[in-house]
Amino acid sequence: MSDTKKTDKSTDKEKSLLTGIRDSAHKIWLAGLGAYAQYEKLGQEGIRLFENLVKDGEEVQARTQHKVDEVKEKIKSKTTDRLESRIKQLRDKLSSGSRDELKELSHQIEELSQAVKALSSDRTVGSKSSATSSSTGSTSKSSTTSTAKKPAAV
């Protein structure tokens, strides 16, 4: 249960972080549009201002791109780890169920094999006693009782 709480807290933090990043990106976009509007209003001076803003923006991007890449890789890694963990849990559940089913089927096959052997030996004993009775000329019927267990119902 504590794992679920930790996961929920980390998911909430990630959602909050993503929301903050999205809001900042939107404001930066709007600031860029505002700068472009100033560029159009100021003419030649606006052109220089806009070019300086682009140059400064490129410098900031170069400085921060590795941080963005790190955050993306960290989120990707966490997501991959969670996914692999969940897949492993599902595989474990499926394989343990399969192992149990195989053990049960093996047990049933063993019981059936024993029952077939018992029936075979009873028939062999029964046919030998029938042959012995008929060869001696006795008119009494031999009675053979099956001692084999019935196989368990599947």
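These numbers were taken from a predicted model, which means no experiment stands behind them.
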Using a 4.5 Å cut-off on heavy atoms from C-beta on, say whether the side chain of Glu70 contacts that of His66. yes
Rounded to the nearest 0.5 Å, what separation is found between the [atom1] atom of [X] and the [atom2] atom of [Y]?
X      : Y      : atom1 : atom2 : result
His107 : Leu112 : NE2   : CG    : 10.0 Å
Leu105 : Lys103 : CG    : NZ    : 13.0 Å
Phe50  : Glu45  : CZ    : CD    : 15.5 Å

Sorted by chain and residue number, the salt bridge (charged side-chain N to carboxylate O under 4.0 Å, His left out) partners of Lys78 (sequence neighbours excluded) come out as Glu14
Exceeds 12 heavy-atom contacts within 6.0 angstrom, atom CD of Gln38: yes
Counting N and O atoms only, with roles assigned by atom type, does the side chain of [X] sit under 3.5 Å from a partner on the main chain of [Y], one being a donor and the other an acceptor?
X      : Y      : value
Thr79  : Ile75  : yes
Ser106 : Leu102 : yes
Ser113 : Ile109 : yes

Donor-acceptor pairs under 3.5 Å, side chain of residues 19-26 to any protein atom, not counting sequence neighbours: which ones?
unit_1: Thr19; atom_1: OG1; unit_2: Lys15; atom_2: O; d: 2.9
unit_1: Ser24; atom_1: OG; unit_2: Gly20; atom_2: O; d: 3.1

Verify side chain to side chain contact (heavy atoms under 4.5 Å, CB included) between Tyr39 and Leu49, making sure each step is shown before the conclusion. CA-CA 7 Å; Tyr39 157 79; Leu49 174 65; over 6 Å; no
Sequence neighbours excluded, which residues qualify as side-chain hydrogen bond (donor to acceptor under 3.5 Å, both in side chains) partners of Lys88? Asp92
Would you please test Arg48 and Gln44 for side chain to side chain contact (heavy atoms under 4.5 Å, CB included) and show each step? CA-CA 7 Å; Arg48 273 180 277 157; Gln44 195 65 8; 4.0 Å; yes
Step-by-step side chain to side chain contact (heavy atoms under 4.5 Å, CB included) determination, Arg91 to Ile87: CA-CA 6 Å; Arg91 281 185 182 156; Ile87 288 171; 3.9 Å; yes
Test of understanding: clusters of I, L, V, M, F, W, Y form through side-chain heavy atoms closer than 4.5 Å, transitively. Do Leu42 and Leu53 belong to the same one? yes
Transitive ILVMFWY side-chain link Tyr36 to Val54, under 4.5 Å: yes
